[in-house]
Amino acid sequence: MSSPRSSSLLAWPAAKPSRAGRPAVSPEERRRTRLKRKLKENLTAYGLLCAALVVFALFSWYPIVRGVLLSFQQVDFVNAPTWVGFGNFTRLFEDPLFGVAWRNTLLFTGLALVFGFAVPFLTAVLLNELRHAKAFFRLAVYLPVMLPPVVTALMWKWFYDPGPGLFNSALGAAGLPGGQWLDSSTTAMLSLVFVSTWANMGSTTLIYLAALGTIPGELYEAAELDGAGLWKRLRHVTFPQTRFVLLVLLLLQIVATMQVFTEPYVMTGGGPDDSTVTVLLLLYRYAFVYNDFGSASAMSLLLFVALGVFSAWYVRLTRKADQS
Amino acid sequence: MSSTWSRTVSRRTLCLLAAGGLALSLTSCGDGESTPAGGKVKITVTGQPPTSQPFERSVFDADVKEFEASHPNIQIEPHEGFMDPKTFSAKLAGGQLEDVYYVYFTDPAQIIARHQAADITEAAKSVPHVNDLKPELLDNFRDAGGKLYGLPTMNYTMGLLYSRPLFQKAGLDPDKPPQTWDEVREAAKKISALGNGVVGYADYSKNNQGGWHMTGWLYSMGGDIARKDGDKWVADFANEKGKQALQYLHDMRWTDNSMGAKQLLEAQDVQRMMGAGQLGMYMAAPDNVPVLVKQFNGKYEDYGIAGMPGGQGTLLGGEGYMLNPKASPEKIKAGLEWIQWKYLNPDRFEKHIRQYADGKQPVGLPAEPTPDIWTGAVREQQLTLKAKYANVPAKNFQSYVDTTSKIKGSIEPPDAQQIYAALDSVMQAVLTDQNANLDQQLSSAASKVNSVLAQVK
């Protein structure tokens, strides 16, 4: 026997009695009225959102969809596109530079992580430790971000000039031999990584600083009372407390550095000896030097898929780590 | 509820995508302008010099007015600028490509293969003096079947540009420029021995220009970049000729130290060095001289051009005009009339040369105001007129003129820009790595170039 309470729960809910002789309103109708009211209240917001969606559709989604289609087509913009299946991909795989570009890009990303991830973090920790002139040093670290990327690249090109460039002049003044920097295939990529790190570390440092600012001071005080030195404080307080920001920035940095273009385009043109040809630089060549938009789109699709798979894998991994 | 929402959203997204696509395709339906029967034919043309070149701009604008006056049925809408490969396809796709558009000699083969130019084989038959043009220049605008898709309007032949003051300082006779690569090497050594950062010889190795100049080196030594093997093109430089060219560069760079430490150079870098009086020689065409004089306040007397060293061949390049394949037959006819009247018109040689002379522009160089695209009587007529109005020391360029008429000129290889991109890395390796393995560089570049040539139709 079920209790009256449980029986009433199990029973199909009866329509509530209508008030003061008004006809009964069905739940469907009530939902519709509520929806109408909500729509009316949010009309302006929807209008503005629609405008944004149209802009997105025209300038972001449509090109993405078109890009995917183009990957499987050959176009001359005069006749209708012809479907070539995986022909564009085959062309890419047959290009000896294709593997070189991926290898160089991964090398750039790896080196950029070593420098671009560690240097800003250490800078942020040092800035956080400062007692005086904090604002000045923050501004000083952030200033390079304000320079347009091409200006930064051209400026560093002069720094690296093996003739009268800044670095070799300074080394020469100190009686040391100069380097070939961008003019040697062994040092060119590393030289580009320095430029990229220098140009972008300001914003990363600021994000780290913000994350460091959220760590409660008591934790450090407690650690200090327990006799923890700088390294132990970093290991047991700073790292665990900023872990989330570190992980997100790591992902963003990998995605961004895999798309490196400005530095090799402006400073080396992919040389010397193809040592700085990156995926995006090769993609650019396919599109705007070879005018082969199909292969260029195929290349961008490959990069998109690679980064998408990596991001999904990364998010899954970090979620697992969080749960454990 | 959530599934309804996402269905709605995806439906909306699709609608928006469709609307976006429709909007884009509507904007890309060409200029939508038809020629009214019996009315004026309006054509858009490129090639109007920018306002930063006031003299050239004024000449162009005056020519437009004069043409319209003598051709009342044609209206010209000039567009600033020349060929920009970065925007070419986008303009074509968006219906914004001009009816008459400018091209470099490196591009017609690809443009023709992609059907992006109108077939003018029949229409060009009525163009006066078309048969007086150098046939190899016209060939640059033909497909494999012999159909014509454009007309050449400017031509250059590669030579050796040198600084006369630096030659004098180094104890060299500027009136007897080097004729062989051995002589170039010796002269470069003497010039770089002047010190103070002076470089004897410089060469490009970036942004496809390295490959372009490597082609020049190969041609000068009797070599080639690509040859026809049956109905297919194959790379033809991984051989002794190729190695010989690279060996010269390598030795000048590393044994003689006469090429300076800074590499990965392109045209502007080298012109800047020459303009600043820091460079002795570089491979170039005569059109570089006005650039050096105008941009660096130099003097025409300070520069000389010798024929291509080696004497076995040289690179021919240049530019011309092609017509939009979407243009109507009336527009194509009007476009051809404009090209002929403005660029290929012996009747206007004298007036054009006088315009330059009156405007204190250089006359007598083997380049502007009338380029070296002619043969036979028309060429003679042009040379006589140029000599009559010459205002630059023609003797500084005599060696170039004498040599170019004697040595073989070869046009650029098919799909030139892609090949040049592949050859850049060879030039870079030679100029930046003392221990570069030349054979390995050549064979690796040959495999890259063969992959490019496999696409040539």
Side-chain angles (χ1 to χ4, degrees), chain A residues 31 50 53-66 74-79 91 94-98 100 157 160-165 168 178 180-186 188 265 267-277 282 284-293 295, chain B residues 12-13 15-17 19-21 23-24 28 85-94 97 107 110-111 113-117 197 199 205-210 260-264 266 325-326 415 417-418 420-422 424-429 431-433 436 441 444 447-448 451-452 454-455:
Chain A
R31 226 184 353 253
C50 278
L53 284 180
V54 168
V55 173
F56 269 123
L58 276 179
F59 298 107
S60 293
W61 305 332
Y62 175 74
I64 290 173
V65 174
R66 190 73 207 272
Q74 213 165 47
V75 286
D76 55 30
F77 302 111
V78 178
N79 304 302
R91 186 185 175 189
E94 281 170 359
D95 184 345
L97 268 187
F98 182 73
V100 174
K157 210 176 150 190
Y160 283 138
D161 189 320
N168 278 5
Q180 282 296 304
W181 313 114
L182 295 173
D183 284 10
S184 156
S185 52
T186 44
Y265 178 71
M267 299 177 75
T268 60
D273 201 12
D274 296 330
S275 62
T276 55
V277 172
L282 189 59
Y284 172 86
R285 280 188 195 169
Y286 268 101
F288 300 112
V289 179
Y290 311 164
N291 268 307
D292 181 352
F293 289 88
S295 300
Chain B
R12 254 186 223 164
T13 311
C15 288
L16 285 170
L17 281 177
L24 280 192
S28 62
K86 290 192 275 298
T87 54
F88 179 80
S89 292
K91 280 171 83 175
L92 184 62
L97 185 71
D107 300 318
Q110 273 196 57
I111 290 176
R114 289 196 302 263
H115 318 287
Q116 292 169 336
V199 172
S205 52
K206 199 178 147 190
N207 289 341
N208 300 4
Q209 296 177 8
K262 188 182 174 186
Q263 298 304 326
L264 302 188
E266 55 186 320
K326 295 176 182 172
D415 278 0
Q417 292 296 355
Q418 293 189 56
Y420 293 165
D424 264 4
S425 66
V426 182
M427 291 290 274
Q428 289 164 4
L431 296 174
T432 63
D433 179 5
Q441 284 297 331
S444 145
S447 84
K448 285 185 210 166
S451 115
V452 172
Q455 311 293 322

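At a 4.5 Å heavy-atom cutoff, Phe56(A) makes no contact with chain B through either its backbone or its side chain. Only the side chain of Asn207(B) comes within contact range of chain A, with heavy atoms under 4.5 Å apart. No part of Asp107(B) comes within reach of chain A, as not one of its non-hydrogen atoms sits under 4.5 angstrom from that chain. Contact annotation for Asn291(A): both backbone and side-chain heavy atoms come within less than 4.5 Å of a heavy atom of chain B. Proximity to chain B (any heavy atom under 4.5 Å) is restricted, for Arg91(A), to the side chain, taken from C-beta onward. Using a 4.5 Å cut-off between heavy atoms, Asn79(A) touches chain B through its side chain atoms alone. At a 4.5 Å heavy-atom cutoff, the contact between Ser89(B) and chain A is made by backbone and side-chain atoms alike. Both the backbone and the side chain of Gln417(B) come within less than 4.5 Å of a heavy atom of chain A.
The backbone N or O of Gly271(A) lies less than 3.5 Å from a partner atom in the side chain of Thr276(A), making a donor-acceptor pair. For Lys206(B) (side chain) and Gln263(B) (main-chain N/O), no donor-acceptor pair under 3.5 Å exists by modelled atom type. Counting only distance, with no hydrogens or angles, the side chain of Asp292(A) and the backbone of Ser295(A) share a donor-acceptor pair below 3.5 Å. A distance-only check finds no donor-acceptor pair linking the side chain of Asp183(A) to the backbone of Thr432(B) [under 3.5 Å].
By the ring-ring contact (aromatic ring centres under 6.0 Å, His included) test, Tyr290(A) pairs with Tyr286(A), sequence neighbours left out. With sequence neighbours excluded, the residues forming a ring-ring contact (aromatic ring centres under 6.0 Å, His included) with Tyr265(A) are Phe261(A), Tyr284(A), listed by chain and number.
Most heavy-atom pairs under 4.5 Å with chain A, from the set Ala422(B), Ser425(B), Ser444(B): that is Ser425(B). Comparing Lys262(B), Glu266(B), Gln110(B), Met427(B) by heavy-atom pairs within less than 4.5 Å of chain A, the highest count is held by Lys262(B).
When only modelled atom types and interatomic distance are considered, Gln441(B) and Asp273(A) share a side-chain donor-acceptor pair under 3.5 Å.
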